[in-house]
Amino acid sequence: MFPFLRKRVLSSAIPLFCVVLGVFFLARMTGNPVDLYLPLSATAEQRAEFSAAQGFDLSIPAQLWNYLVDAAHLDFGTSLRTGQSATEMVLDAFPVTLQLAGVTMLLAITGAVLVGSLAAYRPNSLMDRIASLLSMTAASIPDFWFAIMGVLVFGVSLGWLPTSGTLGGPEIWVLPIATLLIRPFGVLVQVVRGSMVGALSAPYIKIARSKGATPQRVIFGHALRNAVTPVLTVAGDLTVGLVNGAVIVETIFGWPGIGKLMIDSILQRDFAVLQAAVLLTAVTIFALNILVDVCHALTDPRVRLAVPA
Amino acid sequence: MKSPVSSLPPGRRRSRPTTALLLAGTVLVSSGCAVANSAGGDAGQADGRTLRVVLTQEPPTLEPCEASLTSTGVVVRSNITEPLVERDPDSGDLRPLLATGWKQTGPRTWTFDTRSGVTFQNGEPFTAEDAAFSIDRAVNSDLACNVEGYVFGDDDLEVKTSGDNRLTVTTAEPDPILPLRLSFVEIVPRTTSTKAKVRVPIGTGPYAVRSWQAGTAISLSRNDDYWGRAPAFPRARYVWRSDASVRAAMIDKDEAEIAVALDSMEAEKDTTVAYPNNETTALRLDGREAPIDDLRVRRAIDLAVDRQGIIDALLGGLAEPAGQLVPPGVVGHSDAIKPTRQNVAEARALVKEAKADGVPTGRTITLVARNGMFSGVSETAEALQYQMKEIGLSVRVRMADTATQLQYQLRPLPKNVGPIALLIMHGNQAGDAAFTASQYLLSDGPQSTFGTKDLDRRIADAGLLSGEKRQKAFAELLADQNNNVVQYTHIAHMTGLLGLSPSIRYEPNSATGDEMRLAEVGPAEGAKD
């Protein structure tokens with residue numbers, strides 16, 4: 001397992017570094033934040049002073065070097081917008097997104113395994129057709145539309161749920177998670193179904209059935225184990241995508257997560273916070289990918305055995 | 001061949017991922033609920049004692065010297081901090097606040113008498129020294145406050161006190177509207193930092209900041225030592241939702257008492273109130289780039305625009321066609337200036353004439369607009385694009401975010417970007433056209449692309465006048481811009497929409513969008529106390 005992990009860590013570090021560099025350069029291509037932060041009457045001296053204080057007066061390579069050196073010391077600078085530590089702001093926001101994404105994926109995987117497996121047990125049955133239709137619809141619905149309709153129907157018309165916000169009991173989680181959930185659930189149902197149809201037609205399943213195994217035993221005891229690998233891979237990718245999806249959910253429902261922080265930082269040209277947020281997100285995605293690979297290797301040893309020591 | 005999968009101990013394979021998944025799920029769910037619950041229960045419900053306001057965005061700062069920024073001012077001004085004088089949004093007259101009176105005591109000097117018996121929220125008494133300190137801090141310091149940029153010129157003010165209650169302010173040049181300008185300076189105690197902007201301010205206002213949960217809410221509590229009339233609500237709480245339909249839904253769902261900046265789709269509701277917000281939309285034409293460096297082409301664009309059509313179809317009918325950059329109620333506005341009526345045939349003829357004289361009318365004009373500037377902005381940009389194309393011009397639309405749009409709006413203007421028609425929305429909350437003219441009409445105005453020497457001279461002269469003469473001078477120079485400069489194709493005087501819960505009474509005014517005085521909000525008759 002160690003050689004496998006080492007190879008994966010090394011191969012993932014390169015794209016991680018590229019993302020960090022990309023954000024650094026792209027952020028600076030959007031222009032100097034001085035217009036947003038200084039008044040119209042700011043003198044040339046004030047502008048120069050502001051730029052010098054923020055290090056914007058240095059050449060781009062010098063700025064990059066400073067950023068990398070500071071980042072190595074876990075110092076990501078100060079927010080232009082709030083004056084707070086960028087690290088602090090990012091670490092405050094990140095758990096919110098992580099919770100949303102974690103709960104969403106847990107529910108998506110559980111629901112998709114149940115629905116997808118049942119649909120695959122009898123292909124082309126009524127259950128299968130309903131599941132396919134629903135999953136395709138779910139995978140196609142735009143998140144923002146679903147979120148707004150959820151607010152209008154379940155918040156305003158029926159009055160069952162709050163419209164938005166983070167203060168309150170478990171009911172505040174329902175609409176944000178449902179909005180985040182719908183697409184991964186739809187995609188995963190299709191993946192589970194496809195994978196399970198293949199697994200359920202394997203000879204060992206016929207043997208299990210001939211021995212009188214119950215449908216539950218056949219599905220969850222035998223077939224699912226061998227169908228889980230592609231599901232894990234897709235679930236990993238979808239989890240990564242949830243961080244992007246969280247931007248919409250956090251913006252509409254007023255959740256102070258990393259997605260909203262990134263959008264606000266981009267719009268406010270708050271480079272320090274943006275860089276810290278992207279770096280943390282990239283590292284998390286990197287760790288998630290490793291985790292998915294480890295799970296993949298655990299469930300299918302061919303994966304790790306294929307890696308030369 | 002034996003499968004490598006089946007060679008693993010079955011028990012391990014079965015239990016590990018399941019257990020890990022369940023463990024992860026339990027941790028996430030429990031930690032999630034813990035976060036949600038730990039922040040909850042803080043005045044989130046309709047209790048009749050908390051006034052809940054939903055804004056479009058979280059204020060980046062509550063620093064009083066940044067209160068000319070809409071997102072900051074709407075929370076801070078006259079709620080947490082107060083100025084010496086305030087402008088009545090309806091009459092335009094100045095009213096005493098922390099100053100009890102003022103008069104011009106010299107060509108360049110104004111004297112203010114300050115109020116006694118006022119204390120700051122930290123318990124310190126308010127004196128003229130604090131007023132002098134606050135003016136000095138906002139206008140003369142190196143803090144680079146926005147109020148300095150938007151309200152005061154480059155020159156510093158000379159501020160002196162005599163005794164606890166008298167203050168004199170001297171300007172570099174005679175300034176007949178200095179008290180109006182000072183209505184934008186929020187007074188803070190002398191203990192406030194002069195080296196850095198503060199995140200949470202202390203003032204003399206009817207409310208004090210109780211807590212700021214970053215990203216979630218700002219809570220205020222009533223200042224029990226307030227010198228004026230006590231506000232009806234002991235507490236206030238601001239939250240922010242960027243989506244207008246969610247803000248409107250929060251009123252419907254009784255999750256907020258006030259929601260700002262609603263869409264015109266909500267206009268028909270009983271809980272929605274429309275009010276003139278002093279904002280004017282216009283297309284600023286860059287007079288330095290062909291083909292819009294040609295007066296005929298700029299006139300043609302002005303004639304091409306169907307103002308009423310845009311208002312009816314895209315702005316929900318909630319605006320008035322505009323013929324000048326300032327709306328009624330602002331000193332300098334002239335009823336005699338009528339909005340240009342659409343005349344496509346005349347506009348086409350002007351473009352054709354310019355083309356015949358060698359003006360490159362086929363050169364593509366970039367129409368830049370800002371996302372979220374107002375409800376229906378992208379459709380408005382597309383309508384303008386269509387109407388300009390109808391008269392023979394080539395136009396492409398570029399929707400931009402605030403920072404990008406500012407690059408086009410403020411000097412130094414970007415180079416080598418071709419001819420730019422910039423959709424702007426100008427709000428004159430100060431109530432005097434001097435603020436508009438110095439920004440948008442001067443040849444080198446911070447938000448102007450060009451002008452004329454004659455117009456510059458008239459702006460300078462008008463700024464020295466007061467009373468009727470001032471009104472007349474600014475009205476004439478606004479007409480002159482329409483006749484001889486045509487840097488702007490005015491579109492509409494806009495309207496704001498406010499969502500109000502039936503449980504409260506509040507009458508919005510033209511200042512509401514920038515200065516929402518919570519002390520003016522009360523429970524509706526018969527509402528639960």
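Every chain is numbered from 1, with letters handed out A, B, ... down the list of sequences. Computed from heavy atoms alone, side chains included, the values below leave out hydrogens, waters and symmetry copies.
Contact of the I424(B) side chain with the Y440(B) side chain is registered, since non-hydrogen atoms from C-beta on lie closer than 4.5 Å. A 4.5 Å side-chain heavy-atom check between V34(A) and Q46(A) finds every atom pair outside the cut-off. Put simply, the side chain of V239(B) does not reach to within 4.5 Å of the side chain of R52(B), judged on heavy atoms.
Close approach to chain B, defined as a heavy atom under 4.5 Å from one of its heavy atoms, is seen in L267(A), R269(A) of residues 263-273 of chain A, taken by number. At a heavy-atom separation below 4.5 angstrom, chain B is approached by R81(A), T82(A), Q84(A) within residues 78-85 of chain A.
The part of F253(A) that comes within reach of chain B is its backbone (N, CA, C, O), which places non-hydrogen atoms under 4.5 angstrom from that chain. For V156(A), the parts lying near chain B are the backbone and the side chain together; criterion is any non-hydrogen pair under 4.5 Å. When heavy atoms are compared at a cutoff of 4.5 Å, Q447(B) approaches chain A solely by way of its side chain, counted from C-beta outward. Using a 4.5 Å cut-off between heavy atoms, Q439(B) touches chain A through its side chain atoms alone. Contacts of P162(A) with chain B are made by both backbone and side-chain atoms, with heavy-atom separations under 4.5 Å.
Residue with the most contacts toward chain A among D252(B), V246(B), D243(B): V246(B) (heavy-atom pairs, distance under 4.5 Å). Interface summary for chain B: among S164(A), P256(A), G165(A), the most heavy-atom pairs under 4.5 angstrom belong to S164(A). In terms of heavy-atom pairs under 4.5 angstrom with chain B, the leader among I148(A), L152(A), L100(A), L261(A) is I148(A). Note: G254(A) leads G254(A), P33(A), A93(A) in heavy-atom pairs under 4.5 Å with chain B.
When all heavy atoms are compared, the tightest approach of V75(B) to Y238(B) is CG1-CE1, 3.7 Å. Residue F184(B) comes nearest to V147(B) through the heavy atom pair O-CG2, 3.3 Å, listed as atom of the first residue, atom of the second, then distance. When all heavy atoms of V209(B) and P201(B) are compared, the pair lying nearest together is CG2-CD, 4.2 Å. The minimum heavy-atom distance between L413(B) and T449(B), with the atom names listed, is CD1-CG2, 3.8 Å. Closest heavy-atom contact between P184(A) and M105(A): CB-SD, 4.2 Å.
The aromatic rings of F50(A) and Y37(A) sit parallel to each other, their planes meeting at less than 30°, with 60° as the upper class boundary.
L274(A) CG to M262(A) CE: the interatomic distance, rounded to the nearest 0.5 Å, is 8.0 Å. In this structure, CG on L161(A) lies 7.5 Å from CD on E171(A), to the nearest 0.5 angstrom. Separating the OG1 atom in T50(B) from the CZ atom in R237(B) is a distance of 8.5 Å, to the nearest 0.5 Å.
With hydrogens and angles ignored, the 3.5 Å screen pairs a side-chain donor or acceptor of D401(B) with a backbone N or O of T404(B).
Using a 3.5 Å distance cut-off with no hydrogens or angles, the side chains of T72(B) and E66(B) do not pair a donor with an acceptor.
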